[in-house]
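Quantities reported herein were computed from a predicted structural model and do not represent experimental measurements. Letters A, B, ... mirror the listed sequences (proteins, then strands); counts begin at 1.
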There are 2 protein chains.
Amino acid sequence: MKDTTPIQLKEIGLKITPQRQAILKLLKGNETHPSAESIYSEISKKFPGISFATVYNTLSKLIEAGEIRELDIDPNKRRFDPCVAPHTHFYCQACGNIFDISHDFHLPLTIKRIDGHQVDVVQLNLKGVCKNCRKIP
Amino acid sequence: MKDTTPIQLKEIGLKITPQRQAILKLLKGNETHPSAESIYSEISKKFPGISFATVYNTLSKLIEAGEIRELDIDPNKRRFDPCVAPHTHFYCQACGNIFDISHDFHLPLTIKRIDGHQVDVVQLNLKGVCKNCRKIP
DNA sequence: TCATAAATTATAATAATTATAAAATAAGAA
DNA sequence: TTCTTATTTTATAATTATTATAATTTATGA
Ligand SMILES: [Mn+2]
Ligand SMILES: [Mn+2]
Ligand SMILES: [Zn+2]
Ligand SMILES: [Zn+2]
């Protein structure tokens, strides 16, 4: 039988717990850019007793370890992305969904300095009305 | 004596009140990208009785009218910018200050559609450690 | 001056997130 | 395998930012 132990946790110095495994599994390959709330709701199905603190704590640790990243695009809540490679996002102001944009806008991704400031993160955010919401007038 | 009446309010269909005049005056030319809290604190000096609701209400009206805009860059609070012309921002993760970046990154400012989505806003956000915070190790 | 819609205020409510401390548990040592 | 302990989870409270409500006040135009 295939070993499904998520070695990622061990690698970043975290204890392997069922809750963390579930959160990691939910995130892996997830392209919805979930919020803490949506992660909590989903995980609750399998772990009815999980607490919000565990979700937030785990997300913080994963961000620290560089396994996931946080987006600054939803004005109402934190949103998370398991894909840490740089890419553009589109936020729908009607439904709140976030879409990956694969088009290359030739961003200054390697810039390390500007106006004397040290640049660590570069984010291009687009906002408007998504494909789906445009249909429903 | 010079007329200092802010005609902007009348123009956008809002009643001229001392509170609104003060908020508008504080915003005009302000490059600090203030939060509701910082606006409230500052205005309170002249209007000790002003309420947070007035600050938020006024900001909402001004955004609606396109007189100011809101940034999605500070993960903790809403930040406002009286300059509505498109420009890049830098957020310091150490001190929370936001700086305007005048360098032209050739953003797709005229794009109206991508992947079927209707694009209304384009924001380029840089984050890291600002000039001032780098000095204090 | 007066009528009235709009704005302001005090206050409560909501939503997201963070803090605290006790109980549970993963993981390595014995 | 059992023991030990630091880590993690949970329940709960606290905090912070923002929005909602309703009574009072005020700007504005007749
Ligand atoms: Mn993404
Ligand atoms: Mn600006
Ligand atoms: Zn949508
Ligand atoms: Zn700084």
Check residues 82-92 of chain B and write down every donor-acceptor pair under 3.5 Å in which the side-chain atom is one partner and the other belongs to a residue at least two apart or another chain.
unit_1, atom_1, unit_2, atom_2, d
B:H87, ND1, B:R69, NH2, 3.1
B:H87, ND1, B:A85, O, 2.6
B:H87, NE2, B:D81, OD2, 3.1
B:H87, NE2, B:H89, NE2, 2.9
B:H87, NE2, B:D100, OD1, 2.9
B:H89, NE2, B:H33, NE2, 3.1
B:H89, NE2, B:D81, OD2, 3.0
B:H89, NE2, B:D100, OD1, 3.1

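In this structure a side-chain-to-backbone donor-acceptor pair under 3.5 Å is missing from A:T58 to A:V55. A donor-acceptor pair under 3.5 Å is absent between the side-chain atoms of A:S38 and the main chain of A:P34, judged by distance alone. Within the 3.5 Å criterion, the main-chain N or O of A:H106 finds a donor-acceptor partner in the side chain of A:D104.
Under the rule for a ring pair (Phe, Tyr, Trp, His ring centres under 6.0 Å), B:F80 has no partner lying at least two apart in sequence or in another chain. With sequence neighbours left out, the side-chain hydrogen bond (donor to acceptor under 3.5 Å, both in side chains) criterion links A:S60 to no other residue. Residues passing the side-chain contact (heavy atoms from CB on, under 4.5 Å) test with B:E67, sequence neighbours excluded: B:Q8, B:I12, B:L62, B:A65. The side-chain contact (heavy atoms from CB on, under 4.5 Å) test applied to A:F47 returns A:P18, A:A22, A:I43, A:I50, not counting sequence neighbours. A:N97 meets the side-chain contact (heavy atoms from CB on, under 4.5 Å) test with A:C95, A:F99; sequence neighbours excluded.
For the pair A:I12 CD1 and D:dT7 P, the computed distance is 15 Å after rounding to whole Å. When the P atom of D:dA6 is taken as reference, atom NZ of A:K61 falls 15 Å away, rounded to whole Å. One atom, CD1 of B:I23, and another, P of C:dA7, lie 12 Å apart when rounded to the nearest Å. Regarding A:R20, its CZ atom lies at a distance of 6 Å from the C1' atom of D:dT8, rounded to whole Å. A straight line from CZ of B:F52 to P of D:dA20 spans 16 Å, rounded to a whole angstrom. Taking atom CG of B:N57 as the reference point, atom P of C:dT9 lies 10 Å away to the nearest angstrom.
A heavy atom closer than 4.0 Å to some atom of DNA chain D occurs in no member of residues 38-46 of chain A.
Side-chain contact between B:V119 and A:V129 is absent, with no heavy atoms from C-beta onward closer than 4.5 Å.
Within the structure, every pair that satisfies the salt bridge (charged side-chain N to carboxylate O under 4.0 Å, His left out) test and touches residues 37-65 of chain B, not counting sequence neighbours, is listed here: B:E42-B:K45. A salt bridge (charged side-chain N to carboxylate O under 4.0 Å, His left out) check over residues 14-26 of chain A, counting only residues at least two apart or in different chains, returns nothing.
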Which atoms of nucleotides 11-17 of chain D (N or O only) lie under 3.5 Å from a protein N or O atom, and what are those distances?
unit_1, atom_1, unit_2, atom_2, d
D:dA11, OP2, A:G49, O, 3.4

Identify each atom pair where a protein N or O and an N or O of nucleotides 26-30 of chain C are less than 3.5 Å apart, giving names and distance.
unit_1, atom_1, unit_2, atom_2, d
C:dA26, O3', A:I16, O, 3.4
C:dA26, N3, A:K15, NZ, 3.3
C:dA27, OP1, A:I16, N, 2.8

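Across the helix from C:dT1-D:dA30 to C:dA30-D:dT1, the helix axis at one end is tilted relative to the axis at the other end by 30° (nearest 10 degrees, each axis from five pairs).
B:F105 and A:L124 fall within the same hydrophobic cluster, defined by Ile, Leu, Val, Met, Phe, Trp and Tyr side-chain heavy atoms under 4.5 Å apart, directly or through other members.
For B:Q19 and B:A36, each mapped to the nucleotide of DNA chain D holding its nearest heavy atom, the one lying further toward the 5' end belongs to B:A36.
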